[in-house]
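From a predicted model like this one, the values you see are computed outputs, not experimental measurements. Residue numbers start from 1 in every chain, and the chains themselves are labelled A, B, ... in the order their sequence lines are given, proteins ahead of strands.
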2 protein chains.
Amino acid sequence: MSQDQVPEIVVDRLPLYLRMLEFLKKEDKAITSSQELADRLGLSSAQIRKDLSYFGGFGKQGTGYAIDYLIKQLRQILHVDRVWDVALIGAGDLGRALAHYQGFEQQGFRLVAIFDNAPKKIGTAVGDLHVQDMAELPRLVREKTIRVAILAVPADAAATVAAKLVELGICAILNYAPITLNVPPNVRVYHIDPVIGLQNMAYYL
Amino acid sequence: MSQDQVPEIVVDRLPLYLRMLEFLKKEDKAITSSQELADRLGLSSAQIRKDLSYFGGFGKQGTGYAIDYLIKQLRQILHVDRVWDVALIGAGDLGRALAHYQGFEQQGFRLVAIFDNAPKKIGTAVGDLHVQDMAELPRLVREKTIRVAILAVPADAAATVAAKLVELGICAILNYAPITLNVPPNVRVYHIDPVIGLQNMAYYL
DNA sequence: TAGATTGTTAATCGATTAACAATC
DNA sequence: TAGATTGTTAATCGATTAACAATC
């Protein structure tokens with residue numbers, strides 16, 4: 001099925017399904033059902049079956065879904081059956097925390113470079129990487145054909161850096177800066193902001 | 001209007017409106033319109049007017065919305081016209097990055113304690129705070145009547161710690177651990193996971 | 001076979017949008 | 001007054017769910 005026939009809200013749930021399947025696999029399960037997934041994720045089983053049906057029939061009536069097989073299929077669908085090189089912009093506390101995070105690689109992403117413009121930080125080690133000058137960004141992006149970036153710079157620098165990323169051909173930005181980025185429609189932004197989450201929950205307090 | 005008549009998806013957007021209004025205020029604007037907000041946020045103006053209308057009429061026909069007034073109203077609606085004390089669990093890289101983040105306080109939240117169970121970390125300084133033993137958590141939560149927690153511990157510890165938080169009466173958890181937490185329906189969880197964001201965008205690559 | 005669970009359809013439910021009277 | 005923009009209604013659109021035939 002062609003990509004843009006799938007509602008975005010369905011795509012939003014696929015990574016959650018994938019994560020849950022990998023969790024069940026770690027529990028040494030081999031088979032699951034739409035009902036089990038639904039219970040664990042707080043959704044309805046019909047929704048899970050419908051979501052999956054946009055991409056094909058991955059289960060067996062009477063049995064359910066083979067976890068390994070469904071993981072493999074979801075990885076293909078999400079394009080994480082390969083590893084994407086990622087540029088990390090910003091070597092502050094947050095940038096360093098992200099650089100140390102071990103969970104990216106097995107989920108389809110590898111940090112290949114970390115950048116900052118503070119002379120003091122350039123050259124210092126962060127995990128396996130060394131902080132590079134922002135001036136090196138265009139060369140690295142070109143050489144490694146990087147299409148994904150993580151933006152972990154202060155709010156006042158974010159708009160400028162984002163424009164630069166777009167100019168260099170980055171088409172997916174994981175944005176940790178607390179501002180709404182303005183990018184062309186062909187560039188995806190996924191925004192992570194703890195304050196938004198806290199304020200959301202505060203409504204219900 | 002009573003709280004549970006407002007769709008969750010509307011509440012999800014309110015913090016975004018608030019953040020954008022504060023951004024416009026920083027640009028020295030005093031007045032805005034549903035159209036301007038919509039353009040900046042990539043939504044429709046009708047949606048913004050409808051969302052706000054769940055809570056009251058905050059604008060003036062022919063003029064728009066007074067930014068300061070609407071900020072004040074949204075803060076009240078979201079219950080961030082006060083400051084909530086927050087417990088931060090986990091003093092790893094991520095915990096430290098969060099502890100150093102300066103943006104919480106003016107948005108309604110103040111980190112009042114940071115906990116870890118690693119003897120090496122206990123007592124060390126992180127920003128203005130000193131890392132405390134997890135054993136102190138119950139006392140602190142009780143003494144300060146803390147209702148909000150940020151969970152920044154490794155995946156394998158998250159379920160246990162979350163259960164503890166629930167037991168202590170925490171009712172909002174900002175979860176940075178890459179697992180789906182199982183909590184009672186009266187407890188809110190807002191999940192932040194960079195991998196979910198990256199995988200989501202990878203679908204469109 | 002009996003029991004279980006999928007994939008799919010049609011019905012329901014709910015969210016978004018278009019349109020406009022009200023009014024600043 | 002003329003122009004602009006709100007708040008609200010009704011229509012549209014799209015997502016979720018219920019139900020069940022198919023089938024393992």
Side-chain angles (χ1 to χ4, degrees), chain A residues 1-18 20-21 24 29-74 77 200 203, chain B residues 1-18 20-21 24 29-74 77 200 203:
Chain A
M1 169 162 287
S2 142
Q3 176 160 296
D4 55 338
Q5 295 184 48
V6 180
E8 291 214 13
I9 198 160
V10 171
V11 177
D12 288 349
R13 286 188 289 262
L14 299 182
L16 305 178
Y17 298 166
L18 180 53
M20 183 54 70
L21 287 161
L24 293 171
K29 292 204 160 233
I31 300 281
T32 188
S33 65
S34 58
Q35 189 58 60
E36 179 174 44
L37 288 169
D39 290 345
R40 298 257 197 167
L41 291 165
L43 307 170
S44 78
S45 64
Q47 180 165 73
I48 287 170
R49 292 197 302 279
K50 183 127 218 310
D51 285 355
L52 295 176
S53 78
Y54 281 100
F55 305 97
F58 304 123
K60 264 208 186 88
Q61 286 103 322
T63 309
Y65 301 92
I67 290 175
D68 274 333
Y69 177 71
L70 189 51
I71 286 174
K72 210 173 146 198
Q73 294 301 313
L74 282 174
I77 293 164
N200 184 293
Y203 175 80
Chain B
M1 169 163 285
S2 140
Q3 175 160 296
D4 55 337
Q5 293 184 51
V6 180
E8 292 214 13
I9 199 160
V10 172
V11 177
D12 288 349
R13 285 188 290 261
L14 299 182
L16 304 178
Y17 298 166
L18 180 53
M20 183 54 68
L21 287 161
L24 293 172
K29 293 204 160 233
I31 299 282
T32 188
S33 66
S34 59
Q35 189 58 60
E36 179 173 45
L37 288 169
D39 290 344
R40 298 258 197 166
L41 291 165
L43 306 170
S44 77
S45 64
Q47 181 165 75
I48 287 170
R49 291 197 302 278
K50 182 123 219 309
D51 284 356
L52 294 176
S53 79
Y54 280 100
F55 305 96
F58 305 122
K60 262 206 186 90
Q61 286 103 322
T63 310
Y65 301 92
I67 289 176
D68 274 334
Y69 177 70
L70 189 50
I71 286 175
K72 209 174 147 196
Q73 293 300 313
L74 281 174
I77 292 165
N200 184 293
Y203 175 80

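Counting all heavy atoms, side chain and backbone alike, Asn200(B) lies closest to Pro15(A) at N-CG, 4.0 Å. Of all heavy-atom pairs between Leu21(A) and Ile71(A), the closest is CB-CG1, 3.6 Å. Between Ile77(B) and Tyr203(A) the shortest heavy-atom distance is O-CD1, 3.3 Å. Counting all heavy atoms, side chain and backbone alike, Ser45(B) lies closest to Ala38(B) at N-CB, 3.4 Å. When every heavy atom of Thr63(A) is checked against every heavy atom of Ile31(A), the shortest pair comes out as O-CG2, 3.7 Å. Considering every non-hydrogen atom in both Phe58(B) and Leu52(B), the closest pair reads CE1-O, 3.7 Å.
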Report task. Evaluate the criterion side chain to side chain contact (heavy atoms under 4.5 Å, CB included) for residue pair Tyr17(B) and Leu37(B); output intermediate values, then yes/no. Result -> CA-CA 8 Å; Tyr17(B) 298 166; Leu37(B) 288 169; 5.7 Å; no
Report task. Quick one: do Met20(A) and Thr32(A) satisfy side chain to side chain contact (heavy atoms under 4.5 Å, CB included)? Show the steps, please. Result -> CA-CA 11 Å; Met20(A) 183 54 70; Thr32(A) 188; over 6 Å; no
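On the nucleic acid side, DNA chain C has its first and last nucleotide under 4.0 Å of a heavy atom of chain A at dA4(C) to dT9(C), going 5' to 3'.
Atom-to-atom distance recorded for Ile48(A):CD1 and Ser33(A):OG is 8.5 Å, nearest 0.5 angstrom. Distance check, rounded to the nearest 0.5 Å: CG of Leu18(B) to CG of Leu74(B) gives 5.5 Å.
Residues of residues 32-48 of chain A having a heavy atom closer than 4.0 Å to DNA chain C, listed by number: Ser33(A), Ser34(A). Within residues 56-64 of chain B, the residues approached by DNA chain C to less than 4.0 Å at the level of any non-hydrogen atom are Lys60(B), Gln61(B), Gly62(B), in residue-number order.
Listed by first then second residue, pairs satisfying salt bridge (Lys or Arg N to Asp or Glu O under 4.0 Å) with a partner in residues 44-69 of chain B read Arg13(B)-Asp51(B), Lys25(B)-Asp68(B), not counting sequence neighbours.
Applying the side-chain contact (heavy atoms from CB on, under 4.5 Å) test to Ala30(A) and every residue at least two apart in sequence or in another chain returns nothing.
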**Report entry** Secondary-structure string, 5' to 3', Watson-Crick or G-U under 3.5 Å, | for another-strand partners, for DNA chain C
**Finding:** ..||||||||||||||||||||||
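Summary of the strand contacts: Glu8(A) and Leu52(B) both lie near DNA chain D, and taking for each the nucleotide with the nearest heavy atom, the more 5' one is attributed to Leu52(B).
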